[in-house]
Amino acid sequence: MHTPSTPAPKIALVSGGSRGIGAAIVRRLARDGWDVGFCYRSDEESARLVEKEATELGVRCLALQADVSDPVQAKSWVTRTEDELGPVAAVVANAGVIRDRPLVLMSDDDWHQVMDTNLDGVFHTCRAAVFPMLKRRTGCVVTLSSVAGVHGNPGQTNYSAAKAGIIGFTKSLAKEVGPHGIRANVVAPGLIDTDMTDALPSRDRERLLSSIALRRFGTTAEVADLTAFLVSDQAGYLTGSVLEVHGGIAL
Ligand code: NDP
């Protein structure tokens, strides 16, 4: 049976923390007293703003540029964060992109950009963060999938494949690392108001709204609340689960 030696310090990693859901998770974890290291791909200005907001909550926050689709950058982000903040107890693999197009019009680039960030990025981030957790025999992982990965969505074969892959990845990881005291769960949001969904044409937005029982898109804070719960001690017996947060969407 697993017995953690000492309580882990509250240090979390969030990929893609400069905007949207990732930024809300950084703020929420900071409010809960977590020191947070996060990465972003290119939007340094937004990253600095989130870093400042989190620091003003009285915790340490470190924003570093790293493209998680590159295994070397992902590894060095995790290592630098551990060097500066200390041992990471929770990792949230959130970074993601969309390149929506019907299958027959989808280019190789559309396919690979989505797979590289959304699926390979999760692999790179988790591999780098879980290795030291195994040695410490404690930690938890949250991956960001999507209702598109659970139910499918037209125009998103690339995205849905990556997000379904994340579910298989996380369930397998949960079984692999559970005996070592590490939990792994999936958050699968529906439509959440962020830059990602701002890009939707208003006709699609109206159609999608009518398919949501609560008749509104979710907020980033609502996804962050669920993530904060999953990394907390209150979720100590939750692993290998896929938690959908979608306001009752029918896809
Ligand atoms: P946003 O587009 O608002 O933000 C994406 C974040 O990821 C940014 O911080 C961006 O950095 C970062 N990022 C993108 N690519 C990389 C990369 N290769 N390496 C490092 N960081 C990267 O997305 P959302 O907040 O909307 O989405 C967050 C997650 O939630 C994604 O995985 C998405 O698929 C998932 N999701 C979102 C839904 C929604 O309705 N919004 C619904 C279901 C799931 P930078 O600022 O530098 O570009």
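Keep in mind the model is a prediction, meaning the values are calculated, not measured. One-based numbering, in listed order, for ligands and for the atoms of each. Only this structure's heavy atoms are used, side chains among them; waters, hydrogens and symmetry mates stay out.
- Residues forming a side chain to side chain donor-acceptor pair (under 3.5 Å) with Glu44 (at least two apart in sequence, or on another chain): Arg48.
- Put simply, the side chain of Arg27 never gets that close to the backbone of Val50: no donor and acceptor are under 3.5 Å apart.
- A distance limit of 4.0 angstrom between heavy atoms and ligand 1 selects the residues Gly16, Gly17, Ser18, Arg19, Gly20, Ile21, Tyr40, Arg41, Ser42, Asp43, Ala66, Asp67, Val68, Asn94, Ala95, Gly96, Val97, Thr117, Ser145, Ser146, Tyr159, Lys163, Pro189, Gly190, Leu191, Ile192, Thr194, Asp195, Met196, Thr197.
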*Under the side chain to side chain contact (heavy atoms under 4.5 Å, CB included) rule, what do Val150 and Glu244 come out as? Steps first, then yes or no, please.*
CA-CA 9 Å; Val150 180; Glu244 297 182 41; 3.6 Å; yes
For residues 200-209, which side-chain N or O atoms pair as donor and acceptor with protein atoms under 3.5 Å away, sequence neighbours left out?
from: Arg205; atom 1: NH2; to: Asp193; atom 2: OD1; distance (Å): 2.8

Under 3.5 Å donor-acceptor pairs involving side-chain atoms of residues 124-132, not counting sequence neighbours:
from: His124; atom 1: ND1; to: Val68; atom 2: O; distance (Å): 2.8
from: His124; atom 1: ND1; to: Asp120; atom 2: O; distance (Å): 3.2
from: Thr125; atom 1: OG1; to: Gly121; atom 2: O; distance (Å): 2.8

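- One N or O on the side chain of Ser145 and one on the backbone of Lys163 form a donor-acceptor pair closer than 3.5 Å.
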